[in-house]
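Per chain, numbering begins at 1; letters A, B, ... match sequence-line order.
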Amino acid sequence: MPLHVKVYATLRPVVGGRSVELPLEEGATVRDLVDCMVARWPELEVMMIEDGEVSRRVHVFVDGRSARHLPDGAETVLLEGQEIAVSPAVAGG
Amino acid sequence: MRLDRFGETIAHVDLAARTWKMKPAPEEWVRKYVGARGLGVRYVLENGAGVDPLSPENVLCFLNGPLSGSEANMSGRWACVTKSPLTGTVTDSHQGGWTAARLRWAGFDGLIFEGAAQTPTYVLVQDGQLSFHDASDVWGLGIHETVRILKERHGGKDVSVNAIGPAGEKLSRFAAWVNEDDRAFGRGGTGAVGGVKKLKAIVIVAGHRKSEVSDPEAWKQVRRETLDMIRDEANITSPKKGGLSVYGTNVITNITNRIGALGTRNSQSTSFGERAEAISGETVVETILTGNPTCHACPVACKKEVEVKDGPWKGLKMESVEYEPAWSLGSNCENDDLGSIAKLIDQCNDLGLDPIELGNVLSAYMEATERGWVKGEGLAWGDAEGMVRMTDALALREGDGDLLAEGAARAAAGLGHPEIAMAVKGQAVPAYDPRGMKGMGLGYATSNRGACHLRGYVAAAELGVVPIEADPLEWKGKGALLKTFQDLHAFGDSMDLCKFSAFAEGADEYAKQYAVALGRAVSADEVMLAGERVYNLERYYNNLAGFGSGSDTLPDRFLEEPSDAGGSKGHVCELGPMLDEYYAERGWEEGVVPEAKLAQLQIP
Ligand code: SF4
């Protein structure tokens with residue numbers, strides 16, 4: 001299933017836009033999404049992966065909830081119709 | 001400028017008598033309350049908690065901290081501390097830019113204004129001297145014009161002008177002081193205290209600027225270490241790489257919108273949907289950015305200078321489009337016109353108004369209009385040109401602007417519907433909806449200066465950027481978390497370092513910088529204890545001023561009307577249990593500091 005993903009902040013200049021289409025399989029997880037992005041834009045690895053896990057420096061929001069606060073964390077399965085957004089962990093203001 | 005002699009050069013200025021005296025701060029106060037915010041609160045307490053904030057008897061303190069104007073990273077800040085005409089609490093507000101540094105370089109650690117001048121006055125500080133000048137030619141002028149005239153008059157170069165605008169002169173309860181044209185002591189209505197005193201401006205001409213410390217090598221070392229930490233914080237503070245540096249504070253609009261914490265239409269909704277993109281930091285950078293100004297000694301450069309490209313305000317050049325006003329004057333008023341937001345912020349900088357309170361008073365007025373509670377035309381959601389017109393009217397107290405100049409809480413009460421003011425202790429809320437970020441809600445309720453995001457920036461944990469991470473929708477544990485942030489910031493504000501330093505540094509780094517600068521060894525625990533002391537001192541003042549049980553609360557909307565959109569959908573803010581946790585952590589009884597706690601912290 002092609003997944004439509006919004007991207008924010010410093011991810012935008014890397015992916016070259018406000019959103020990306022990712023070719024993910026049915027049943028793909030947050031972790032798969034991160035791996036898919038890193039495969040396509042290897043420079044994202046420093047931000048997105050830490051010690052082999054999804055880094056705490058990045059948020060994958062599934063319907064407005066950061067996956068790290070969802071019960072299955074990085075193993076959360078992505079479903080069609082959900083709003084997915086990826087952002088570096090940032091604050092200020 | 002010997003950093004270890006901080007506190008010795010504080011000018012006490014009697015505006016009525018047009019005299020001044022240099023008096024060192026009591027050594028014990030500097031040791032206990034550090035400087036800037038903490039020291040200012042101690043002076044305000046000394047003046048009595050019962051004083052009418054809009055009387056000449058209120059004291060207006062402008063104070064540096066021991067690090068202000070030194071070579072320490074992010075140290076270009078000073079505090080304005082007084083009793084707030086908006087809240088009746090003690091209030092402190094902080095400006096960036098170069099004014100703090102220039103004050104230090106002119107030979108002063110602080111300026112404390114007492115009484116009121118008979119006629120409009122400005123003071124000039126230079127070479128350790130202070131003089132009084134007639135301000136009648138700039139009284140009534142906007143801040144931009146005042147700054148231009150006074151800078152030119154006093155040499156132009158290395159001059160800072162900190163001024164009030166027409167809103168301060170007309171005693172708007174949320175009037176601000178603004179320096180460098182666009183850096184404000186925004187919150188609490190400090191500008192109105194200047195208006196009562198007929199003090200239009202403070203002109204500062206810089207002099208000698210090099211800090212002297214007893215161990216210059218250690219000083220260099222600690223600055224190098226903290227600079228490395230700022231550079232290494234790749235997501236946020238790293239110059240030209242981190243989100244705060246590249247997009248400014250407005251980098252988080254899309255995120256808070258997504259999680260359901262971007263209040264919309266006077267917080268009737270928790271998300272601005274797809275329209276948030278139009279007011280986000282990303283859109284600012286992609287469409288209208290012209291520069292990235294910074295403050296004294298700051299490599300982050302988070303300020304965003306813009307030029308409006310089209311529409312009624314085409315050609316307007318201003319700084320800075322920040323997250324708070326993008327929210328307060330944007331989604332909060334259902335306004336997605338970025339050009340008008342830049343215009344409204346610039347109006348605040350020129351008229352001397354707090355943009356957070358302005359956005360809230362306008363959104364309450366818009367809700368009242370929608371519900372048919374306004375006699376006459378009122379103001380429609382998203383009517384950007386109407387907002388600009390009403391802002392001018394408000395600063396000059398014309399028509400309904402006269403009521404709106406009193407701030408959201410008093411304006412809503414005046415319209416017969418206090419429930420539509422999103423305010424705590426009389427001060428309007430900032431840009432994090434408490435239903436979507438519950439720790440921020442607790443922070444608004446317990447802030448010592450009325451609703452505020454900067455007393456304890458729990459957002460850093462709720463947005464997952466510091467090692468102590470917290471789910472924004474969980475209420476448990478927020479009491480202890482908030483206390484930690486409040487105490488750390490109370491110390492940082494007393495040093496006075498930019499709050500954003502806390503994204504890269506912590507109590508250890510604050511302790512090291514303090515120790516080397518002042519030649520007085522302190523531990524991270526002592527830093528946190530000093531912060532706790534400042535926080536309790538403020539609370540003690542507020543207790544004396546009549547705030548106690550029941551004062552720490554939130555508007556019913558956040559407690560009873562569930563979030564309608566974004567990740568927080570269906571949530572309210574569970575303030576009650578969070579407050580219990582928080583009071584237990586603080587050792588307070590229903591918001592009141594007990595005698596035993598005062599004694600333990602050696603207050604006052
Ligand atoms: S981070 Fe921004 S506000 Fe803070 S000192 Fe630097 S430029 Fe100024």
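Proximity to chain A is limited to the side chain of B:I252, based on heavy atoms less than 4.5 angstrom apart. Of the atoms belonging to B:V466, it is backbone heavy atoms, and not side-chain ones, that fall under 4.5 Å from chain A. With a 4.5 angstrom heavy-atom cutoff, B:K569 does not touch chain A via any of its atoms. Residue contact with chain B, scored on non-hydrogen atoms closer than 4.5 Å, involves the backbone and the side chain of A:Y8 alike. Only the backbone of B:A470 comes within less than 4.5 Å of a heavy atom in chain A; its side chain stays farther off. Neither the backbone nor the side chain of B:P325 comes within less than 4.5 Å of any heavy atom in chain A.
Salt-bridge check for B:E282 with A:R18: failed, with every basic side-chain N at 4.0 Å or more from each acidic carboxylate O. Taking the charged nitrogens against the carboxylate oxygens, A:R12 and B:E277 do have a contact shorter than 4.0 Å, which makes a salt bridge.
Between B:G464 and A:A89, the closest heavy-atom pair is O-CB, 3.6 Å. The two atoms that bring B:V251 and A:A9 nearest to each other are CG2-CB, 3.7 Å, heavy atoms only.
In this structure, B:N235 contributes its side chain and A:P88 its backbone to no donor-acceptor pair below 3.5 Å. Judged purely by atom type and a 3.5 angstrom limit, B:Y323 has no side-chain atom pairing as donor or acceptor with the backbone of A:A91.
The most heavy-atom pairs under 4.5 Å with chain A, out of B:N254, B:N257, B:I259, B:L473, come from B:N254.
The neighbour count for A:E21 CD, taken as heavy atoms of other residues, nucleotides or ligands under 6.0 Å away, is above 12. The neighbour count for A:E43 CD, taken as heavy atoms of other residues, nucleotides or ligands under 6.0 Å away, is above 12. The neighbour count for A:E45 CD, taken as heavy atoms of other residues, nucleotides or ligands under 6.0 Å away, does not exceed 12.
The CD atom of B:E474 sits 10.5 Å away from the NE2 atom of A:H69 when rounded to the nearest 0.5 Å.
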Original post:
Could you walk me through whether A:H59 and B:I255 pass the side-chain contact (heavy atoms from CB on, under 4.5 Å) check?
Top reply: CA-CA 10 Å; A:H59 284 294; B:I255 298 171; 5.8 Å; no
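Side-chain contact check for A:T10 versus B:Y247: some heavy-atom pair is nearer than 4.5 Å.
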